[in-house]
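All remarks here apply to the structure that follows.
Indexing begins at 1, ligand by ligand and atom by atom, following the structure's order.
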Amino acid sequence: MKVTVFGAGNMGARIAEVFLKAGHAVTLIDIKEQFCEGGKKRIEGDLAGGVKRGKMTQEQMDACLANLTLSVDRQDAAGSDFVMEVILERMDLKKELLEELDSILPEDCIIGTNTSALSITEISNAVPNRSDKVVGCHFFNPAHIMKLVEVTKGLKTSEETFKKAYDIMASLGKTPVQVNEGPGFVVNRILIPMMNEAIGIYADGIASPSDIDLAMQNGAGMKSGPLHTADLVGHDINLAIMNTLFTETGDPKYRPHPLLKKMVRAGYLGVKTGKGFFTYDGPFGKEIPGGDLTIK
Ligand SMILES: NC(=O)c1ccc[n+]([C@@H]2O[C@H](COP(=O)([O-])OP(=O)(O)OC[C@H]3O[C@@H](n4cnc5c(N)ncnc54)[C@H](O)[C@@H]3O)[C@@H](O)[C@H]2O)c1
């Protein structure tokens, strides 16, 4: 299958990696060459780690990389069987991309979107003649490790498209779940407001980021605490999701915490910028022990 992934960032690179490992040819498209290269570096790092741990051979790694094409030209999506849209969590950008893809992609190409919380139906309106081919395929972070994919039907998604996407996700070794469209789908409607609450607990001076996470890990059985998970997701994404939950439902319980907004304005986006509620050894670096956020 020819797969094209749009967006070589945090999620897109790892989603490309998942398809490569399953033997598909992947074209990874971003807006700048350096972003494409950054994505490729992360894929190479993961694969090399796999070889080191004996999970794959050097030949298998080489075969994956030989199947990867980088591009900054949308036309290179021509001939795709499956497209994954993994660009920024902004409706305007996602719609603009799909509008252009309409004249590039073959008629039967399925368009999966990795949106965290936006309406699949609204995204599909960008391609009115093939809105039945648009489906949510919501991978989780880090996408090469996390098993879940929420396969989400918009109001116009056909049963055939849904079933194909569901089967493709299962063939990648993922655990797909069937979801009907709703803001935040299943996981993010529960998870992101929980992180927002953890931010409020920190902002109220009740506990440090480390202690909040330790409490939730040891008292609520979480593998990764809410603030560390929030750093991993990226605070720009967390804020976009809270905004979507708030505006879609009108329910004040989804109000984004002011500290979350401040973090985004400061560029403290978490692991991807090297600073969030914890500090990291540079962008995408290792956590620096004792590096809790100390400002409010
Ligand atoms: N971060 C998470 O934990 C997470 C989890 C699940 C889903 N998502 C969703 O995945 C999507 C991407 O999130 P991310 O965390 O990878 O963001 P990111 O900021 O790390 O990466 C986004 C990439 O998209 C590129 N981009 C922007 N416009 C583009 C365009 N028109 N064409 C091609 N590339 C373009 C950017 O240059 C950037 O490299 C969002 O919709 C987000 O909500 C994120």
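- S210 and D292 share a side-chain donor-acceptor pair at under 3.5 Å.
- A side chain to side chain donor-acceptor pair (under 3.5 Å) with E89 holds for exactly one of T115, N238, N243, T244; it is T115.
- Minimum interatomic distance between S131 and S124 (heavy atoms only, all atoms of both residues): CB-O, 3.3 Å.
- Taking the six-membered ring for Trp, F82 and F19 have ring centres closer than 6.0 Å.
- The two residues A22 and L172 make their nearest non-hydrogen contact at CB-CD2, 3.6 Å.
- Side-chain contact check for S119 and E181: at least one donor-acceptor pair (N or O, by modelled atom type) lies under 3.5 Å.
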Do any nitrogen or oxygen atoms of ligand 1 lie under 3.5 Å from a protein nitrogen or oxygen, and which ones?
residue: ligand 1; atom: 1 (N); partner: V233; partner atom: O; Å: 2.8
residue: ligand 1; atom: 3 (O); partner: N141; partner atom: ND2; Å: 3.0
residue: ligand 1; atom: 8 (N); partner: S116; partner atom: OG; Å: 3.1
residue: ligand 1; atom: 10 (O); partner: N114; partner atom: ND2; Å: 3.0
residue: ligand 1; atom: 16 (O); partner: N10; partner atom: N; Å: 3.4
residue: ligand 1; atom: 16 (O); partner: M11; partner atom: N; Å: 2.9
residue: ligand 1; atom: 20 (O); partner: N10; partner atom: N; Å: 2.9
residue: ligand 1; atom: 31 (N); partner: R74; partner atom: NH2; Å: 3.2
residue: ligand 1; atom: 37 (O); partner: D30; partner atom: OD1; Å: 2.7
residue: ligand 1; atom: 39 (O); partner: D30; partner atom: OD2; Å: 2.7
residue: ligand 1; atom: 41 (O); partner: I87; partner atom: O; Å: 3.2
residue: ligand 1; atom: 41 (O); partner: E89; partner atom: OE1; Å: 2.6
residue: ligand 1; atom: 41 (O); partner: K94; partner atom: NZ; Å: 2.8
residue: ligand 1; atom: 43 (O); partner: E89; partner atom: OE1; Å: 2.9
residue: ligand 1; atom: 43 (O); partner: S116; partner atom: OG; Å: 2.6

